[in-house]
Amino acid sequence: MSDRWDHLRRYTPARIALGRAGSAVPTGPLLAFQWAHARARDAVHLPWDVARFARRVQDRDLTPLILSTRVADRVQYLKRPDLGRQLDAESAQSLPGWAGSPIDVALIFTNGLSSTAVEVHGLPLLDALVRALGAAGLRLGPICLAENGRVALADPVGAALGARLSVIVVGERPGLSAADSLGLYLTYAPGTGRTDAERNCISNVRPPEGLAYDAAAAKLVYLAREALRLTASGVALKDDQPGHRLTRGPQGGTTQTIENGNPPD
Amino acid sequence: MGYSMTLRGKTATFPDLKTLLAKASPLRAADELAGIAAESEEERAMAQYALAEVPLQRFLDEPLISPEADEVTRLILERHDPAAFAPIATLRVGEFREWLLREGDADRLRSIAPGVSPEMAAAVSKIMRNQDLIAVARRCRVVTRFRNTIGLPGRLSTRLQPNHPTDDPRGIAASTLDGLLYGAGDAVIGINPATDNLDQVHTLLSLLDDLIQRHDIPTQCCVLCHVTTTMELIRRGSPVDLVFQSIAGTEAANQSFGVDLGMLREARDMARAQNRGTVGDHVMYFETGQGSALSANAHHGVDAQTCEARAYAVAREFEPLLVNTVVGFIGPEYLYDGKQITRAGLEDHFCGKLLGLPMGCDVCYTNHAEADQNDMDTLLTLLGVAGCTYVMGIPGADDIMLAYQSTSFHDALYLREVLGLRPAPEFEEWLNRMGIFNGRNALADSCRQVPLLSDFAGLGEGAA
């Protein structure tokens, strides 16, 4: 039995006017839901081929640096967010060697909760970031790649590289409508003891439905400059960019600071 | 004071009450993450033996978190009612379980509620099977009122949750209409806004208030923003029915939410002074969830479920219309899979009801948890049997703003069908009058004229 208010669907991506079979949803919407959930589950559990990603980075004449967190496997990653915020001993030792040359932005990629996101959008976003940060005169270090990382991994990596800012690109928790969103988190003076309230976030990077790569890169450059000017990031840094107010949702991404009690990952 | 248990020559020791409670808790990721879970199944079982021997009085004598350091502990101790406690005062935890199952009828359960501390409720729940949690909760009667009567026997209410990723008023109106036409919304029509922007929240409150007034719907609305935002909106004259706030079981965790007891009291008094309720003045709506204190690093070494029960002591201080545990929202590092979510949902519902709260449940999960809609069907059905006050109604169970899955309008209809559960009486009468229900607790044939639908075009455009 279909519903007589199907025409309202144009106002919302919500699953309205599904119709019914008895009290239940008809078979079509049932299968559509399960397909969306299956894609989201796959995005969470697919491993990330870091080595292949590193080769693609190298093809761009950039320097990839593969790092490891203390996470042993995907199940542990989900249960122990603390381990995904730390480098393993070997990676921690390897990083300070890079600290000789001055680095403005430590750039880190991790699959986070969606390998699909970093596979689909990681490289084109990298290109946009390199262009925009370069044009702004901000010096990048190696392109750090870490499987199973959490947002706060940006602290030990940024600190070990002696970077003024760290930016971590993370696969966001998949929803049913979007399993491939990337988020970017910026931290001024990364290091031990930074809290999530001291980071700024750009979320829903996922063209064409979400935020475009160049728009995300431009916003990041804006936030990076403001953070360097204010010598702070997070709640102290409000997105007050004129004419660039981003809308949330299907047509855009968001910039936001992170509230307490609302873990970013 | 230490606790120990010896079985077949093997001894397990527990240095204090909070350690014993943590080790006796059915397995969940949050306690593992906090490093306080039992090391083995045997240790857990032995802790449960030891916990069963603890006198209820001990929970009053040995606060888990010092009253000097925590206003929630002070509240629990100050509000404890010795007269209500008297009938169970000499019992141990294991005997309390048997008393609940044997003696706990609706009247006795209501009369002891002010004498039951959250730690006692948590403790007994840890040695109760799922069926015990269901059987006792089912006998608890908690009735609350604002524009309708929630929690009567044989009733199940729903929160209509018409969220939209950009708070688009037309999108929210479309989902609200969809829900009403499926018979949802008697607990509350409640929006999680994408931002706490004052103008935006005012727009959404006005949209829902207009809908409720225009169609004379016996329900209440709420935009779930921070309590301080709601207080400011009341000052500015926005139509605020209910005050929402997320709360937790320790002062420090509440601080991380930006609230304290004084602030909640002030907000409750402000909302009551609006006099917007027609059949009662329960004006507060609280959400909770196991793991929130841990995620704020504010758990004081107390296990997730006991912290959660302490949040209910905060809730009952303010005589809420609605409380719900958002049981699977927090993620797998707190509740790993469907089994843990199911257990936690039943524990929370039981503890809330035992403490005298109108307890609902957001039966839900995120995509990185080991759970799916089948697990939600199971927990939803169990909670229906347990007499859960209300559940969520979300279009197709898919919240497009918060990116998690919950229960749908259809799910509530399923529960009504298989368990004969009806909406709040005033709302049921309205559904019948509007031609949405057929007078037999089911949707009417869709061919019938529904005035609500023909009115919608104007509402949708007007709100844009």
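Every chain is numbered from 1, with letters handed out A, B, ... down the list of sequences.
Taking 4.5 Å as the limit, some side-chain heavy atom of Pro81(A) sits within range of a side-chain heavy atom of Leu33(B). Inter-residue side-chain proximity for Glu32(B) and Lys79(A) is flagged as met; some heavy-atom pair is nearer than 4.5 Å. Taking the side chain as every heavy atom from C-beta outward, Tyr336(B) and Val75(A) approach each other to under 4.5 Å. Between Arg80(A) and Glu333(B), every side-chain heavy-atom pair lies at or beyond the 4.5 Å cut-off.
The salt bridge (charged side-chain N to carboxylate O under 4.0 Å, His left out) pairs that include a residue from residues 110-122 of chain A are Arg52(A)-Glu119(A), where partners are two or more places apart or lie in different chains.
In this structure, Ile400(B) and Ala14(A) approach most closely via the heavy-atom pair CD1-N, 3.5 Å. In this structure, Pro395(B) and Arg15(A) approach most closely via the heavy-atom pair CB-O, 3.4 Å. The nearest pair of heavy atoms linking Tyr11(A) to His164(B) is O-NE2, 3.8 Å. Counting all heavy atoms, side chain and backbone alike, Pro174(A) lies closest to Asn367(B) at O-ND2, 2.7 Å.
Only the side chain of Tyr182(B) comes within less than 4.5 Å of a heavy atom in chain A; its backbone stays farther off. At a 4.5 Å heavy-atom cutoff, Asp411(B) makes no contact with chain A through either its backbone or its side chain. For a residue to count as touching a neighbouring chain, one of its non-hydrogen atoms must lie under 4.5 Å from one of that chain's; by this rule Leu413(B) touches chain A with backbone and side chain alike. Of the atoms belonging to Ile172(B), not a single heavy atom falls under 4.5 Å from chain A. Of the atoms belonging to Asp168(B), it is side-chain heavy atoms, and not backbone ones, that fall under 4.5 Å from chain A.
With chain A as partner, the option from Ile394(B), Asp167(B), Asn297(B), Asp398(B) having the largest number of non-hydrogen pairs under 4.5 angstrom is Asp398(B). Ranked by non-hydrogen atom pairs under 4.5 Å with chain A, the options Thr366(B), Asp372(B), Asp399(B) are led by Thr366(B). Of the listed residues Ser175(B), Pro162(B), Ala29(B), Ala412(B), the one with more heavy-atom pairs under 4.5 angstrom with chain A than any other is Ser175(B).
Within the 3.5 Å criterion, the main-chain N or O of Ala17(A) finds a donor-acceptor partner in the side chain of Asp178(B).
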Full working for side-chain contact (heavy atoms from CB on, under 4.5 Å) between His37(A) and Gln405(B)
CA-CA 9 Å; His37(A) 185 236; Gln405(B) 287 88 251; 3.6 Å; yes
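More than 12 heavy atoms of other residues, nucleotides or ligands sit less than 6.0 Å from atom CZ of Arg194(A). In the displayed structure, Arg74(A) atom CZ is contacted under 6.0 Å by more than 12 heavy atoms of other residues, nucleotides or ligands.
Distance check, rounded to the nearest 0.5 Å: CG of Asp337(B) to CG of Leu78(A) gives 11.5 Å. Atom OG1 of Thr12(A) and atom CZ of Arg170(B) lie 11.0 Å apart (nearest 0.5 Å). The OG atom of Ser23(A) sits 7.0 Å away from atom CG of Leu443(B), with the distance rounded to the nearest 0.5 Å.
Listed by sequence position, Arg41(A), Val44(A), His45(A) are the residues of residues 41-50 of chain A in contact with chain B, using a 4.5 angstrom heavy-atom cutoff.
A cation-pi arrangement, defined by a distance under 6.0 Å to the six-membered ring centre and an angle within 45 degrees of its axis, is absent between Arg173(A) and Tyr365(B).
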